[in-house]
A.B. asks: 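Structure below; questions to follow.
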Amino acid sequence: MTQHEPSPVDRIADARRREMAIEHLLFGTLRFLAHRHPELLDELEASLAHLWDKADDVPRDDEAVRDVARVFLKSLRAEA
């Protein structure tokens with residue numbers, strides 16, 4: 001019996017689905033914790049200077065990664 005190797009499109013779709021699921025669960029966890037510990041968002045925001053893009057090639061953009069985190073934090077603060 002041969003195993004079916006997923007196509008590049010299938011692998012990309014699977015990776016995107018995992019990313020969306022992780023974002024949902026992480027955002028929900030942060031929302032839950034931030035309601036109980038409002039100082040958490042300040043701590044996370046202060047840590048953004050240490051956040052970086054792990055890419056090894058030209059599209060590496062540390063600030064773009066921080067911008068994504070800032071959008072998450074802004075959303076969390078708006079819900080608080």
Side-chain angles (χ1 to χ4, degrees):
M1 183 169 151
T2 58
Q3 289 184 327
H4 176 340
E5 186 68 26
S7 72
V9 172
D10 289 339
R11 286 194 303 265
I12 291 169
D14 287 344
R16 180 65 189 137
R17 290 178 191 122
R18 283 191 306 275
E19 179 182 332
M20 289 175 10
I22 290 167
E23 284 179 9
H24 172 79
L25 295 171
L26 181 57
F27 194 81
T29 301
L30 289 172
R31 181 187 309 123
F32 177 86
L33 291 172
H35 279 109
R36 284 150 184 81
H37 303 281
E39 71 279 7
L40 173 66
L41 299 180
D42 294 332
E43 289 290 324
L44 289 171
E45 192 164 9
S47 75
L48 294 183
H50 302 287
L51 182 59
W52 52 280
D53 185 348
K54 294 182 180 184
D56 293 328
D57 51 6
V58 176
R60 179 180 174 152
D61 188 344
D62 296 341
E63 197 55 37
V65 173
R66 291 182 195 113
D67 286 343
V68 170
R70 286 184 191 104
V71 168
F72 272 94
L73 288 171
K74 185 177 179 180
S75 295
L76 287 164
R77 287 186 191 283
E79 290 188 16

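Bear in mind the structure is a predicted one, so any value in this text is a computation, not a measurement.
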A.B. asks: Got a list of side-chain donor-acceptor pairs under 3.5 Å for residues 26-35, not counting sequence neighbours?
C.D. replies:
{"unit_1": "T29", "atom_1": "OG1", "unit_2": "L25", "atom_2": "O", "d": "2.8"}
{"unit_1": "R31", "atom_1": "NE", "unit_2": "E79", "atom_2": "OE1", "d": "2.5"}
{"unit_1": "H35", "atom_1": "ND1", "unit_2": "R31", "atom_2": "O", "d": "2.8"}

A.B. asks: Quick one: are E45 and R77 in side-chain contact, heavy atoms under 4.5 Å?
C.D. replies: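 Yes. Closest side-chain heavy atoms under 4.5 Å.
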A.B. asks: Not counting sequence neighbours, which residues clear side chain to side chain donor-acceptor pair (under 3.5 Å) with E19? List them please.
C.D. replies: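 Once residues adjacent in sequence are excluded, the partners of E19 under the side chain to side chain donor-acceptor pair (under 3.5 Å) criterion are R16.
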A.B. asks: Under the side chain to side chain contact (heavy atoms under 4.5 Å, CB included) test, which residues partner S7, sequence neighbours left out?
C.D. replies: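 If we apply the side chain to side chain contact (heavy atoms under 4.5 Å, CB included) test to S7, skipping adjacent residues, the hits are V9, D10.
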A.B. asks: For W52, which fellow cluster members are found when Ile, Leu, Val, Met, Phe, Trp and Tyr are connected by side-chain heavy-atom distances below 4.5 angstrom, either directly or through intermediates?
C.D. replies: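 Cluster partners of W52: none, it stands alone.
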A.B. asks: If you apply the rule side chain to side chain contact (heavy atoms under 4.5 Å, CB included), what do you find for E23 with R18, and how did you get there?
C.D. replies: CA-CA 9 Å; E23 284 179 9; R18 283 191 306 275; over 6 Å; no
A.B. asks: Just to verify, what does R17 make a side chain to side chain donor-acceptor pair (under 3.5 Å) with, not counting sequence neighbours?
C.D. replies: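 R17 satisfies side chain to side chain donor-acceptor pair (under 3.5 Å) with D14 once adjacent residues are dropped.
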A.B. asks: Atom OG of S47 and atom CG of D42: how far apart are they, to the nearest 0.5 Å?
C.D. replies: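 Those atoms lie 11.0 Å apart.
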A.B. asks: Which atom pairs, donor and acceptor, lie under 3.5 Å between side-chain atoms of residues 62-71 and protein residues at least two apart or in another chain?
C.D. replies:
{"unit_1": "D62", "atom_1": "OD1", "unit_2": "D53", "atom_2": "N", "d": "2.9"}
{"unit_1": "D62", "atom_1": "OD1", "unit_2": "R60", "atom_2": "NE", "d": "3.2"}
{"unit_1": "E63", "atom_1": "OE1", "unit_2": "R66", "atom_2": "NH1", "d": "3.0"}
{"unit_1": "E63", "atom_1": "OE2", "unit_2": "R70", "atom_2": "NH1", "d": "2.7"}
{"unit_1": "E63", "atom_1": "OE2", "unit_2": "R70", "atom_2": "NH2", "d": "3.2"}
{"unit_1": "R66", "atom_1": "NE", "unit_2": "L48", "atom_2": "O", "d": "3.0"}
{"unit_1": "R66", "atom_1": "NE", "unit_2": "L51", "atom_2": "O", "d": "3.0"}
{"unit_1": "R66", "atom_1": "NH2", "unit_2": "L51", "atom_2": "O", "d": "3.0"}
{"unit_1": "D67", "atom_1": "OD1", "unit_2": "R70", "atom_2": "NH1", "d": "2.7"}

